[in-house]
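Working notes, structure below.
First the proteins, then the strands, lettered A, B, ... as listed; each starts at 1.
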Amino acid sequence: MPNVISTDICIVGAGPVGLFAVFEAGLLKLRCHVVDALPQPGGQLSEIYPKKPIYDIPGFPEILAGDLVTNLIKQIEPFHPTFTLGERVERFAKLDDGSFQLYTTDGTEIQCKAVAIAGGLGSFEPRKPAVENLEQFEGGKGVHYMVRDPEHFRDQKIVIAGGGDSALDWTNFLANVAADVTLVHRGTTFRGAADSAEKVKTLAEAGKIKLVLSSNVTHLHGNGKLAQVTITGNDGTAETVPLDHFIPLFGLTPKLGPIGEWGLELTDDAIVVDTLDYSTSLPGVFAIGDINTYPGKLKLILCGFHEAALMCQGAFKYIYPDKKYTLKYTTVNGVPTL
Amino acid sequence: MEEDIRIYVEEAPGQRREIIAPTDMGLSLMEVLKASGYDIMATCGGMALCATCHVEVLAGPALFEPNDDELDMLETLPVIHPGSRLSCQIRLTPQTDGLVVRLAPTGA
Ligand SMILES: Cc1cc2nc3c(=O)[nH]c(=O)nc-3n(C[C@H](O)[C@H](O)[C@H](O)COP(=O)(O)OP(=O)(O)OC[C@H]3O[C@@H](n4cnc5c(N)ncnc54)[C@H](O)[C@@H]3O)c2cc1C
Ligand code: FES
């Protein structure tokens, strides 16, 4: 059974701008469902710079990117937005009645009255190692670029590749879940957070995990499902080991992705919008934040917030062409709930 | 200007494009490459946080050693080369005259 969700506005992208759009929509009593390809909300702030201070958010002389995301999530709680995380929106269709249907990579279907694309620089896609037949084992056949549900690996034999924080953190975590964990790293040392690197070393010394340094996973083998990998050392020696899952963790990088194929007018990988209400070339579809472009566009969080407010006015008019809206300050009645 | 230097970008084997760059503006190699029309995302704007400005230094003057932030970021990449650097961390000075680089494929 496909998972079907019904809402007023489907927001593509859970970056700061997509999150704040939930608030602005909520003030107009519009419900939102938010989809993001990443397993956590926050977009660039969570994925690239959670620990960096931001200095140009009005009212906050200084705030850590990660804290801003936490605050945004708290701020939109009264509106009970729903989320689909870890799934990318692949395609969408406009129906005869002016409503929309969106479909994700994992078969989730979202029915909505308007679409707000807040896709930032695109969806974050994994950096893939140079292994020839990697793609052959994607999509549930043994290769994973993210750990969405650690339980998936319970009592399984896994090989993790990478030398950064996420490779170290997941090695430590999965050591207690999987039957057998091997960490392959092309370097000789780990530069990631000292305590997680130390923990990996301790686990390896205790024989709880296997650590293979100065090596790369170079070949995948299996018939329809991953069965073995070849690990080749920088000195040329190769070893083939059996496994159930291969998890290369080399960070993520944003790519425009499917948004570029939705038939919307684009300039330089950004969606052209009308600054009246940030509507795109397709009525009922809006674009806000880093993903849009217009004369004078600045890719700033501040500007995205403003765009979200005006976009919601446009979406309201699109959904209820006959209703009149009068602006109410949040100070008058507090934040309404949905 | 006297302070201008030459940088070479190897676009294909044996094919190098010369770029004249000023050194009095505190520019990084990433900024100059971007301004010269190369498709570099530089998502993080030069904070050594995204590695989308990854280049391979092929020849030229000896550069200063990468700092910890740069090494940390390079460490996360699936493929690096002996000359791998983050171009946003290379400040252009008269000492960097004659640098030869190759851009890493996008997304790598
Ligand atoms: C290092 C760094 C420092 C910065 N400093 C500042 C600063 O000081 N001040 C400031 O104002 N701005 C700063 N910025 C810019 C700021 O982060 C962006 O303007 C902001 O993140 C844009 O928010 P957004 O919601 O539009 O997009 P993003 O934050 O990029 O979020 C977009 C989300 O959409 C998702 N997505 C895309 N396509 C799909 C799809 N098809 N299906 C599902 N999900 C999808 C992505 O996975 C992503 O999570 C900085 C950026 C970086 C990288
Ligand atoms: S621009 Fe992001 S690391 Fe250089």
Side-chain angles (χ1 to χ4, degrees), chain A residues 15 43-54 65 120-131 134 145 161-169 184-194 197 213 216-218 234 247-257 268-269 290 299-300, chain B residues 10 12-13 28-58 63-90 101-108:
Chain A
Q44 295 170 48
L45 284 70
S46 306
E47 190 54 42
I48 306 182
Y49 62 107
K51 303 259 158 58
K52 292 276 171 195
I54 308 177
L121 304 170
S123 65
F124 280 89
E125 301 295 323
R127 286 199 192 91
K128 299 180 183 180
V131 181
L134 199 65
Y145 301 104
D165 283 337
S166 67
L168 292 169
D169 290 346
V184 182
H185 176 36
R186 66 172 154 65
T188 48
T189 52
F190 290 103
R191 302 192 45 90
L213 297 175
N216 283 295
V217 169
T218 49
N234 295 347
I247 316 177
L249 297 172
F250 294 104
L252 304 172
T253 190
K255 289 213 176 73
L256 181 63
D268 291 336
D269 276 4
D290 281 9
K299 289 187 185 178
L300 289 175
Chain B
E10 183 154 296
S28 72
L29 177 59
M30 175 275 278
E31 289 163 320
V32 166
L33 291 173
K34 241 183 120 117
S36 308
Y38 288 102
D39 185 17
I40 293 180
M41 284 176 73
T43 315
C44 76
M47 292 165 74
L49 282 174
C50 71
T52 56
C53 66
H54 178 192
V55 298
E56 190 184 342
V57 175
L58 301 174
L63 296 176
F64 56 89
E65 291 299 308
N67 66 14
D68 279 353
D69 288 345
E70 181 176 353
L71 288 171
D72 286 355
M73 197 60 223
L74 286 169
E75 183 92 329
T76 64
L77 293 177
V79 182
I80 61 163
H81 309 279
S84 280
R85 293 296 301 254
L86 297 178
S87 59
C88 69
Q89 300 300 301
I90 299 176
V101 299
R102 175 160 62 205
L103 308 197
T106 41

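Heavy-atom pairs under 4.5 Å with chain B peak, among Gln44(A), Glu125(A), His185(A), at His185(A). When each of Leu252(A), Leu121(A), Ile48(A) is scored by its heavy-atom pairs under 4.5 Å with chain B, the top score falls to Ile48(A).
Of the candidates Arg186(A), Lys128(A), Arg127(A), Arg127(A) is the only one forming a side-chain contact (heavy atoms from CB on, under 4.5 Å) with Pro78(B).
Listed here is the closest heavy atom pair of Thr76(B) and Gly164(A): CG2-CA, 3.8 Å.
Between Leu49(B) and Tyr49(A) there is a side-chain heavy-atom pair separated by less than 4.5 Å. Between Met41(B) and Pro254(A) there is a side-chain heavy-atom pair separated by less than 4.5 Å.
With rounding to the nearest 0.5 Å, the separation of OG1 in Thr43(B) from CD in Glu47(A) is 11.0 Å.
Residues that satisfy the side chain to side chain contact (heavy atoms under 4.5 Å, CB included) test with Ser84(B), not counting sequence neighbours, are His54(B), Leu74(B), Ile80(B), His81(B). Remark: Arg102(B) pairs with Glu10(B), Glu56(B), Leu58(B) by the side chain to side chain contact (heavy atoms under 4.5 Å, CB included) rule, at least two apart or across chains.
With a threshold of 4.5 angstrom between heavy atoms, Lys52(A) approaches chain B through side-chain atoms but not through N, CA, C or O.
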